[in-house]
Amino acid sequence: EVGSTPSHPHSHMPALNHMAHHPQSMNLPHPHGLASHAVLAGPETETDPRELESFAERFKQRRIKLGVTQADVGSALANLKIPGVGCLSQSTICRFESLTLSHNNMVALKPILEAWLEEAERAQMQPRPSSEKIAAIAEKKRKRTSIAAPEKRSLEAYFAVQPRPSSEKIAAIAEKLDLKKNVVRVWFCNQR
DNA sequence: ATGCATGAGCA
DNA sequence: GCTCATGCATA
């Protein structure tokens, strides 16, 4: 979202992409500033970007204090036994902490991570006697293609002119840059 | 921390 | 064939 094309060739656009256009706002902020805050916000509607931001910050700080890595948090979520929740990757935890997930995604993950944090801080005071080892099983690795700088610059140029090229355009671009068509298609998706 | 990729769900 | 949430691999 918020595709702010970094006009600077080297900027990585760490863009804090909170906010988002969601037609879900029901309580408009009163122009008459007086006791109109959402003290009675809906049961589970903590969608305020600023609240998410501060939570993410507190979360990271407390996680570090517990001496737990992002990867640890991700896998520990499974032990939390929440209905439709399994584990998450280090990537996702990282992105949550840095607010680089979509607003909706942040809102959905917050209560889960919040639950983990509380559980973890409790377990810290009342340690457990059990411990178990799990053997790791080696699997086949996946390869990651890397788009060279020159090609990437070309893609960015194309993107600036047309963020959603047609299938034909993509094929043409792919051929010019000598990249697989699918690689180009996915690049555009991720860029958007 | 981030680049490229996958898969589900939708149109 | 896109968006979205998410992850593997790697910088």
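Below, read A as the first sequence line, B as the second, and so on, with proteins coming before strands; counting in each chain starts at 1.
Listed by chain and residue number, A:V183 satisfy the side-chain contact (heavy atoms from CB on, under 4.5 Å) test with A:T145 (two or more places apart in sequence, or in another chain). Scored by the side-chain contact (heavy atoms from CB on, under 4.5 Å) test, A:S166 finds A:E168, A:K169 as partners (sequence neighbours excluded). Partners of A:Q162 under the side-chain contact (heavy atoms from CB on, under 4.5 Å) rule, at least two apart in sequence or in another chain, are A:R164, A:P165. Contacts of A:E151 classified as side-chain hydrogen bond (donor to acceptor under 3.5 Å, both in side chains), with partners at least two apart in sequence or in another chain: none. Not a single side-chain hydrogen bond (donor to acceptor under 3.5 Å, both in side chains) links A:S146 to another residue, sequence neighbours left out. In this structure A:E57 satisfies the side-chain hydrogen bond (donor to acceptor under 3.5 Å, both in side chains) test with no other residue, sequence neighbours excluded. Applying the side-chain hydrogen bond (donor to acceptor under 3.5 Å, both in side chains) test to A:R185 and every residue at least two apart in sequence or in another chain returns A:N182.
Of the charged side-chain nitrogens involved, none lies within less than 4.0 Å of a carboxylate oxygen, so that A:E114 and A:R62 do not count as a salt-bridged pair. By the 4.0 Å N-to-carboxylate-O rule, A:R153 lies too far from A:E156 to be salt-bridged with it.
Near DNA chain C, meaning a heavy atom under 4.0 Å away, there are no residues from residues 56-78 of chain A. Using a 4.0 Å cut-off on heavy atoms, the residues of residues 85-93 of chain A that approach DNA chain B are A:Q90, A:S91, listed by number. Contacts between residues 163-177 of chain A and DNA chain C, counted as heavy-atom distances below 4.0 Å, involve A:R164, A:S167.
For the pair A:L101 CG and B:dA1 C1', the computed distance is 13 Å after rounding to whole Å. Between the C1' atom of B:dT2 and the CZ atom of A:F96 lies a distance of 18 Å, rounded to the nearest Å. Rounded to whole Å, atom C1' of C:dT6 lies 15 Å from atom CG of A:N104. One interatomic measurement links the two molecules: CG of A:N105 to P of C:dG7, which rounds to 10 Å at whole-angstrom precision. Atoms CG (A:L109) and C1' (C:dC4) sit 13 Å apart, rounded to a whole Å. What separates CG of A:L155 from C1' of B:dG3 is a distance of 13 Å, to the nearest Å.
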Report the C-alpha distance between A:D72 and A:I93 in whole Å, list the side-chain angles of each, state the deciding distance to 0.1 Å, and finish with yes or no for side chain to side chain contact (heavy atoms under 4.5 Å, CB included). CA-CA 10 Å; A:D72 291 335; A:I93 303 304; over 6 Å; no
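For the 3.5 Å distance criterion, the side chains of A:S98 and A:K60 fail to qualify, holding no donor opposite an acceptor.
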Return the polar atom pairs (N/O with N/O) between nucleotides 4-8 of chain B and the protein under 3.5 Å, or none.
from  : atom 1 : to     : atom 2 : distance (Å)
B:dC4 : OP1    : A:I147 : N      : 3.2
B:dC4 : OP1    : A:K152 : NZ     : 3.3
B:dC4 : O3'    : A:T145 : OG1    : 2.8
B:dA5 : OP1    : A:T145 : OG1    : 2.6
B:dA5 : O4'    : A:R142 : NH2    : 3.2
B:dA5 : N7     : A:N190 : ND2    : 3.0
B:dA5 : N6     : A:N190 : OD1    : 3.1

Going by atom type alone, with no hydrogens or angles, which donor-acceptor pairs under 3.5 Å involve a side-chain atom of residues 81-89 of chain A and a protein atom two or more places apart or on another chain?
from  : atom 1 : to    : atom 2 : distance (Å)
A:S89 : OG     : A:S91 : N      : 3.4
A:S89 : OG     : A:T92 : N      : 3.2
A:S89 : OG     : A:T92 : OG1    : 3.3

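Using a 4.5 Å cut-off on side-chain heavy atoms (C-beta onward), A:L179 and A:W187 make no contact.
When heavy atoms are screened at a 4.0 angstrom cut-off, A:L179 is found touching no nucleic acid atom at all.
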